[in-house]
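Here is the naming used below: chain letters follow the sequence lines, and residue numbers restart at 1 for every chain.
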Protein chains: 2
Amino acid sequence: MAANNRHGFLAILLLSLLSLAPLRSRAQTTPTTPSSSFPVNVWPKPVSMSWAEPLMAMTFSPSFRIVVAPSSGEQNPYLVSAAQRYTALLFTERYRPIVRPAANVTAQTALESLTLAVSDPQAPLQDGVDESYALQIPLAGGAATLTASTAWGAMRGLETFSQLTWRAGSTKAEQLVVAAGVRVEDRPLYQHRGLMLDTGRTYFPVADILRTIDAMAGNKMNVFHWHITDSQSFPIELPSEPALAEKGAYGDDMRYTVEDVTRIVEFAMSRGVRVVPEIDAPGHTASWAGAYPEVVSCAGKFWLPDANDWGSRLAAEPGSGQLNPLKAKTFEVMANVINDVTSLFPDGFYHAGADEVTPGCWQADPSIQADIANGGTLSQLLEKYVRAVHPHVVSKNRTAVFWEDVLLDATVNVSASLIPPATTILQTWNNGSNNTKLIVQAGYRAIVSSASFYYLDCGHGDFVGNNAVYDDPRSDYDTNGGSWCGPFKTWQRVYDYDIAHGLTAEEAKLVIGGEVALWTEQADTTVLDARIWPRASAMAEALWSGNRDATGKKRYAEATDRLNDWRQRMVGRGVRAEPIQPLWCRTRPGMCDLVR
Amino acid sequence: MAANNRHGFLAILLLSLLSLAPLRSRAQTTPTTPSSSFPVNVWPKPVSMSWAEPLMAMTFSPSFRIVVAPSSGEQNPYLVSAAQRYTALLFTERYRPIVRPAANVTAQTALESLTLAVSDPQAPLQDGVDESYALQIPLAGGAATLTASTAWGAMRGLETFSQLTWRAGSTKAEQLVVAAGVRVEDRPLYQHRGLMLDTGRTYFPVADILRTIDAMAGNKMNVFHWHITDSQSFPIELPSEPALAEKGAYGDDMRYTVEDVTRIVEFAMSRGVRVVPEIDAPGHTASWAGAYPEVVSCAGKFWLPDANDWGSRLAAEPGSGQLNPLKAKTFEVMANVINDVTSLFPDGFYHAGADEVTPGCWQADPSIQADIANGGTLSQLLEKYVRAVHPHVVSKNRTAVFWEDVLLDATVNVSASLIPPATTILQTWNNGSNNTKLIVQAGYRAIVSSASFYYLDCGHGDFVGNNAVYDDPRSDYDTNGGSWCGPFKTWQRVYDYDIAHGLTAEEAKLVIGGEVALWTEQADTTVLDARIWPRASAMAEALWSGNRDATGKKRYAEATDRLNDWRQRMVGRGVRAEPIQPLWCRTRPGMCDLVR
């Protein structure tokens with residue numbers, strides 16, 4: 001039970017009796033309203049935070065412990081592991097702020113403990129779970145208290161507590177301190193704060209995924225949307241359909257085994273992060289053709305027969321192949337896939353994909369040509385598919401998530417009656433807030449992943465080769481970074497986006513949250529962290545506590561220094577987040593602004 | 001003298017007698033003309049390469065050695081260390097091509113040695129040095145031969161040899177092989193193939209710089225342009241001016257000591273890479289104000305008094321400060337700086353900067369205001385500066401390199417008579433090929449670093465905070481990636497650029513080469529490799545052997561697979577180069593193209 005502590009500071013986690021210390025009198029301090037002046041950064045910024053002025057800090061008692069009530073710990077072992085993990089983090093991360101906070105360190109007294117009180121420790125991690133928490137750190141010594149309805153809220157509070165600590169003093173006489181006289185009351189604006197990672201185009205080692213999920217938890221993000229498969233590869237081993245990975249993965253060493261998946265799900269659960277699996281279909285399934293060539297239309301064909309006619313494409317990008325709903329085998333395989341995936345992933349959401357069904361692919365298939373000749377339409381084909389898949393997903397007690405295309409695609413779409421709003425969520429990516437509005441007006445809950453704001457891959461250039469557009473000697477010729485969704489989405493652009501923009505208050509209630517998305521045509525382990533962080537952090541704060549200050553003004557100016565700090569802390573935690581400014585800026589407040 | 005060999009394969013480097021094996025009869029092979037079909041990648045592509053068809057490969061004899069003539073080795077110890085280094089690399093890098101070359105491995109005979117013959121081993125590494133080499137690998141057994149005029153050309157040939165090796169066979173029975181029956185004759189199109197790294201805005205550890213230089217050598221690049229100082233920091237310790245780093249570096253642990261510099265220069269020399277130091281002045285010198293506030297105009301002031309009036313700026317970006325040529329102390333300090341830097345850096349070039357002298361900064365200085373009131377002009381101020389600096393640099397037997405601004409800036413510039421073409425080179429960055437033409441038409445040698453093609457930092461967003469431009473909910477609103485030089489320069493755009501575009505043949509002779517540039521407002525050690533590689537590789541090939549095939553057609557389509565391979569090899573060598581395509585593409589030739 002001893003915490004992992006490689007720096008020799010003795011940190012013992014004692015699971016002692018729950019002892020909720022009475023709130024200390026704060027008469028001697030001057031609590032302030034939340035402002036930008038708090039010298040210790042917490043990211044995402046809490047909804048409400050007050051502290052003593054001038055800022056006080058105290059050291060940790062050698063016997064400091066995070067105290068979890070045995071009854072809570074028994075009912076939710078993740079609480080125990082979280083307390084252990086954060087105890088270890090406190091004493092090992094050695095975060096040295098770029099600008100040391102001007103805080104008076106109380107010499108006499110040290111923090112003795114942080115006690116956790118969770119009223120409903122058995123509450124499962126699921127969509128809409130209560131993540132609120134309240135944290136109180138006394139002005140001197142004694143016990144800090146963290147109260148929350150659920151274990152997951154308690155984890156958010158533990159993260160906040162960890163970010164209120166830093167190494168103070170000179171390098172030679174450093175000591176870990178924590179802000180004192182602090183009170184935080186916090187809860188998310190949006191219940192769904194996610195990151196989508198595509199492991200179909202590029203395989204990522206399990207360690208990359210675990211590190212990413214850990215960083216998500218640090219940002220109080222709670223949904224890892226795992227876009228597992230795509231046309232390029234099928235990297236997950238499914239017990240009922242082993243051939244899919246055997247023939248569809250990039251290689252023997254580039255598959256996720258059942259053990260890998262279990263480990264990822266369990267790891268995420270321990271961080272309060274849900275894992276929503278996506279098996280994209282019926283489009284984006286060329287990789288299924290290795291195992292079942294008979295069910296995949298247009299697989300192996302060149303994706304763009306006529307580069308001057310986008311309508312001629314067989315897929316949105318190289319790697320064409322779509323499941324053929326006219327084949328009974330398609331549904332046999334899909335049923336096995338859904339059964340296996342819902343067995344492996346306990347989450348209440350199942351993402352069924354359905355983006356970018358491409359007319360040209362189905363039109364290139366002889367069996368479908370015959371169907372069309374008999375009066376069939378492509379939308380009817382998709383409806384046939386959804387009519388089978390949606391009820392199956394729902395029968396597994398899952399909410400079906402689809403990309404917006406299933407409803408909004410201009411050419412191939414299904415009737416809303418096949419995807420009832422009660423059991424369906426749509427994820428938007430096109431056309432900014434316009435499509436969000438269409439989705440919620442149709443009565444669906446929406447997850448916002450607007451490519452114009454939340455696609456983290458954009459702006460690194462088109463991966464498609466033999467493209468003459470780049471061969472232009474004009475210096476002012478703008479290739480837009482070459483990717484279809486360029487330019488690059490800067491952290492500011494991510495931060496400033498309001499996912500409920502243009503909606504009425506009633507409509508906005510259907511927006512459950514958002515997800516930044518990393519498609520991986522041009523990302524692998526070498527650049528994973530930098531593509532995601534700290535831009536995902538920008539969304540994390542906007543969806544947790546918003547992007548406005550108390551007066552309603554966008555707070556992007558004030559956020560800059562805080563994001564610099566948080567990025568620095570993330571790097572210290574082993575996440576290779578990219579820098580947003582030169583070091584020079586952080587030490588000269590306001591001097592790197594456009595407007596002072 | 002035993003090579004570093006952690007895989008147990010005995011590789012002994014013997015410095016035996018120079019034994020130039022006679023060229024073997026090639027009657028039994030069918031040499032081909034260079035084409036895209038060579039199944040083993042060399043990057044940059046050699047000017048001329050022929051090989052046996054079908055491709056043959058052979059293993060290495062356990063006693064394989066790279067043989068350097070003792071006389072050559074004595075005259076140039078870098079040759080010896082290069083031979084050692086490449087011997088070690090051969091047996092440790094374990095490069096497994098994504099697509100194993102279809103080569104017949106000769107079972108009977110193995111390569112016994114690679115002999116180096118260098119006709120002028122004492123030729124110093126300098127601008128225009130002969131880097132040509134010829135490499136011949138026999139069809140079976142015996143000795144491969146590498147001939148070159150200089151040690152630096154021999155290093156290019158060693159690199160080519162290393163890239164002709166790979167691990168063949170199954171994972172369990174892998175063996176190192178080298179392409180057999182190969183003849184390469186190679187030399188660069190341009191003598192100056194550089195990378196500029198800015199360590200003024202962000203400090204990079206010495207290890208980062210060494211790794212970068214090593215990767216440059218792998219790409220046959222030969223000039224590391226070290227933009228050492230800038231307004232944000234002065235990280236180099238100069239013995240005559242210790243206060244500059246003491247007061248101007250980011251911190252005690254963020255300075256380059258004399259030992260660091262010596263190590264970097266020596267390391268680069270061992271790779272055939274020149275180090276051209278740049279101390280940017282008189283602009284970009286805010287960091288000098290820590291030591292000498294009296295010589296720096298406008299230091300510490302906010303950079304942009306009126307965000308709606310770009311003309312009001314005191315600097316091109318946050319961090320304002322310019323040396324004041326009216327102060328005698330300015331020239332005292334500069335003289336010490338030039339003396340120290342030319343002592344530390346043996347290269348024949350000294351880069352004196354002189355970019356972006358900003359009128360508003362000097363105009364904000366009372367002493368300069370008085371001068372202007374007396375009829376002085378800003379250009380006269382710059383001339384006063386250049387009149388002192390240029391002859392001093394030349395007196396140190398150096399060619400002075402300046403950014404183009406010194407001549408071409410519309411507002412503040414100097415008469416060409418002060419910067420004679422015989423002793424001056426101008427580096428262009430604005431206005432694409434137009435400014436290159438202006439430079440060479442004025443009679444100057446040019447180094448091309450067009451921001452529209454060769455700036456590797458562009459497209460990651462503006463680092464300036466409090467910028468309302470990002471706060472726009474329109475999905476189609478194009479912020480151009482936010483940085484002034486966005487969008488991102490893709491490898492294709494880098495590759496396709498002709499640095500002599502629009503020049504006559506006579507004018508083109510004055511273009512000595514190009515440099516990709518990484519300014520580091522938003523790059524530090526977390527992303528260094530990915531920002532540079534493999535995009536710098538694209539320039540490296542374009543400047544080494546061009547970007548066209550034998551018919552004169554741009555070869556960007558064919559280059560894609562090769563760059564995928566080279567990037568893969570670089571990653572194996574410890575360089576975190578970013579991917580350009582999903583793995584799927586490399587294994588399906590042509591399928592990821594826009595046009596088949």
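Looking at B/F302, the atoms closer than 4.5 Å to chain A (heavy atoms on both sides) sit in the backbone and in the side chain alike. There is no contact between A/A559 and chain B, counting heavy-atom distances below 4.5 Å. If you measure heavy-atom distances from B/D471 to chain A, the contacts under 4.5 Å come from both the backbone and the side chain. Heavy-atom distances place the side chain of A/R567, and not its backbone, under 4.5 Å from chain B. For B/R313, no part lies near chain A; criterion is any non-hydrogen pair under 4.5 Å. Heavy atoms closer than 4.5 Å to chain A are found in the backbone of B/A577, but not in its side chain. Within the 4.5 angstrom heavy-atom criterion, no atom of B/V575 approaches chain A. Residue A/T525 touches chain B through its backbone alone, counting heavy-atom pairs closer than 4.5 Å. Interface residue A/S231: only backbone heavy atoms are found under 4.5 Å from chain B. Using a 4.5 Å cut-off between heavy atoms, A/C585 touches chain B through its side chain atoms alone. Heavy atoms closer than 4.5 Å to chain B are found in the side chain of A/T560, but not in its backbone.
B/L583 and A/M254 make their closest contact through CD2-CE, 3.7 Å (heavy atoms, listed as atom of the first residue, atom of the second, distance). Closest non-hydrogen pair, B/P473 versus A/F453, comes out as O-CZ, 3.4 Å. Minimum heavy-atom separation, B/C592 to A/F463: SG-CE1, 4.2 Å.
Atom CZ in B/R576 sits 4.5 Å away from atom CZ in A/R576 (nearest 0.5 Å). Atom CG of B/N467 and atom CZ of A/R493 lie 12.0 Å apart (nearest 0.5 Å).
By number of non-hydrogen pairs under 4.5 angstrom with chain B, the leading residue of A/H501, A/K301, A/R201, A/R588 is A/H501. By number of non-hydrogen pairs under 4.5 angstrom with chain B, the leading residue of A/G319, A/S433, A/A530, A/C458 is A/G319. In terms of heavy-atom pairs under 4.5 Å with chain B, the best-connected choice from A/P579, A/A557, A/G432, A/S452 is A/P579. Interface summary for chain B: among A/R596, A/R555, A/Q581, the most heavy-atom pairs under 4.5 angstrom belong to A/R596. Among B/Y495, B/Y497, B/W303, B/W491, the residue with the largest count of heavy-atom pairs under 4.5 Å with chain A is B/W303. If you tally non-hydrogen atom pairs under 4.5 Å between each of B/V527, B/D524, B/L304 and chain A, the highest count goes to B/D524. Highest contact tally toward chain B, considering only A/N431, A/V494, A/V464, is held by A/V464 [criterion: heavy-atom pairs under 4.5 Å]. Top candidate by heavy-atom pairs under 4.5 Å with chain A, chosen from B/V595, B/T202, B/N547, B/T520, is B/V595. The candidate with the highest count of non-hydrogen atom pairs below 4.5 Å against chain B, out of A/A468, A/A286, A/G502, A/P305, is A/A468.
Residues A/P318 and B/W584 form a side-chain contact, since some pair of their non-hydrogen atoms from C-beta on lies under 4.5 Å apart. Contact check for B/Y556 versus A/N466: side-chain heavy atoms found under the 4.5 Å cut-off. Counting only heavy atoms from C-beta outward, the side chains of B/N430 and A/S475 never approach each other to under 4.5 Å. Between B/V571 and A/T526 there is a side-chain heavy-atom pair separated by less than 4.5 Å.
Under the 30°/60° scheme for interplanar angles, the aromatic rings of B/F488 and A/H460 are found to be tilted.
Judged by distance alone, the side chain of B/Q492 and the main-chain N or O of A/D462 form a donor-acceptor pair under 3.5 Å.
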